[in-house]
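Proteins get letters first, then strands, A, B, ... in listed order; numbering begins at 1 in each. Excluded from the calculations below are hydrogen atoms, water molecules and symmetry mates; all remaining heavy atoms, backbone and side chain alike, are included.
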Amino acid sequence: MSNVSNEFMDEHFYSNCTHSSDTMTNSGSDDSYQAVEWKNVIPEKWDCELVQNYIAHILYRNEFDNDRIVITQDKFRECNGQKLMRMQHHDFIQLDPDSGTVIYREFQELNRTPHTITKTARSKREPAAKKPRTPSTRGRKPGQLSKGNHLWEFLRDLLNDDRSNPHLLKWVNREEGIFRIVKSEQVAKFWGDKKKRPKMSYEKMSRAIRFCRDVGYFGEVPKNVGHPKKLIFKFGNKAHGWDKKDPNANLDFLKNISY
DNA sequence: TAATGATTTCCTGTTT
DNA sequence: AAAACAGGAAATCATT
């Protein structure tokens, strides 16, 4: 509740974080992969969401699995149509080595041909779309992200923000994805702000972390490696975007691609 | 609407 | 002793 709190309560703090999870679109389901809202708009006018819609569509057609699609979408989370058009082949590869070339080529091809606006994009089925997808039931599909405002993403974004990094939490071993929460109650309060949970506490947030650890968003912290034993956490297999080696962790170069 | 993923809330017990 | 850590159980919320 100190001055620090006021500083962080500033709405700019979170509004500036829209580049991360907040703009993530819901495109994990088979239905949304087949939805082609982007066809309603010319690429120049695509917002981040339409770009994600496009990315999902391309990857889906190219047989990328669900998890892969979700992760790649996140890597393009800061891109709108303008930026996409400014990006060169190597930019795509830098963002995602696995699918960069595919997306780049598809996008080039799209821009090469006159873009015809599809009016009934929603109901349009992709002829090329095969059927090897997992038969979906209802609700959220495995690996599908909802709004992106997940605990591991929140913590990741805090770690990537110098307004919180050394002060509220910090890396203990960035290469390993190990970090330390310094101001536990403060971090929990901000988490509560984001989730609109005024009663959030570190005790409850840490319970959530333990659940998230069970499903792979966080991992087991190697024991007896020097660092203290309390308030130490580690990102797990299902978390991404925190790794320095992962271009997703540093999207600065995108800022040079102006409008 | 019902199913589902991701917490949130509460609690008891253990460890640091 | 205080703050964390561990989980079980049940409730809640958002999303499809």
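Partners of A/Glu109 by side chain to side chain contact (heavy atoms under 4.5 Å, CB included), not counting sequence neighbours, listed by chain and number: A/Arg112, A/Thr113. Take A/Tyr104 and apply the ring-ring contact (aromatic ring centres under 6.0 Å, His included) test, not counting sequence neighbours, and it matches A/His89, A/Phe92.
Salt bridge A/Arg68/A/Asp96: present, at least one basic N to carboxylate O contact under 4.0 Å. Between A/Asp157 and A/Lys194, none of the side-chain N atoms (NZ, or NE/NH1/NH2) sits under 4.0 Å from a carboxylate O, so this pair counts as no salt bridge.
When hydrophobic side chains of Ile, Leu, Val, Met, Phe, Trp and Tyr are connected at separations under 4.5 Å, A/Ile178 ends up clustered with A/Val172, A/Val221, A/Ile232. Under the 4.5 angstrom side-chain criterion for Ile, Leu, Val, Met, Phe, Trp and Tyr, A/Phe211 has no cluster partners at all.
Distance A/Asp214 CG to C/dC5 C1': 13 Å, rounded to the nearest Å. Rounded to an integer number of Å, the gap from A/Glu220 CD to C/dC5 P is 12 Å.
Helix bend of the helix from B/dA2-C/dT16 to B/dT16-C/dA2: the angle between its two end axes, each built from five pairs, comes to 30° after rounding to 10°.
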Under a 4.0 Å heavy-atom criterion, the protein footprint on nucleotides 7-16 of chain B, written with B, S and -, is BBBBB----B
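With hydrogens and angles disregarded, a donor-acceptor distance shorter than 3.5 Å links the side chain of A/Trp46 to the backbone of A/Trp38.
In this model, the phosphate group of C/dA4 is approached by a side-chain N or O of A/Ser184 to a distance below 4.0 Å at OP1 or OP2.
With a 4.5 Å cut-off on side-chain heavy atoms, A/Phe107 and A/Ile58 do not count as touching.
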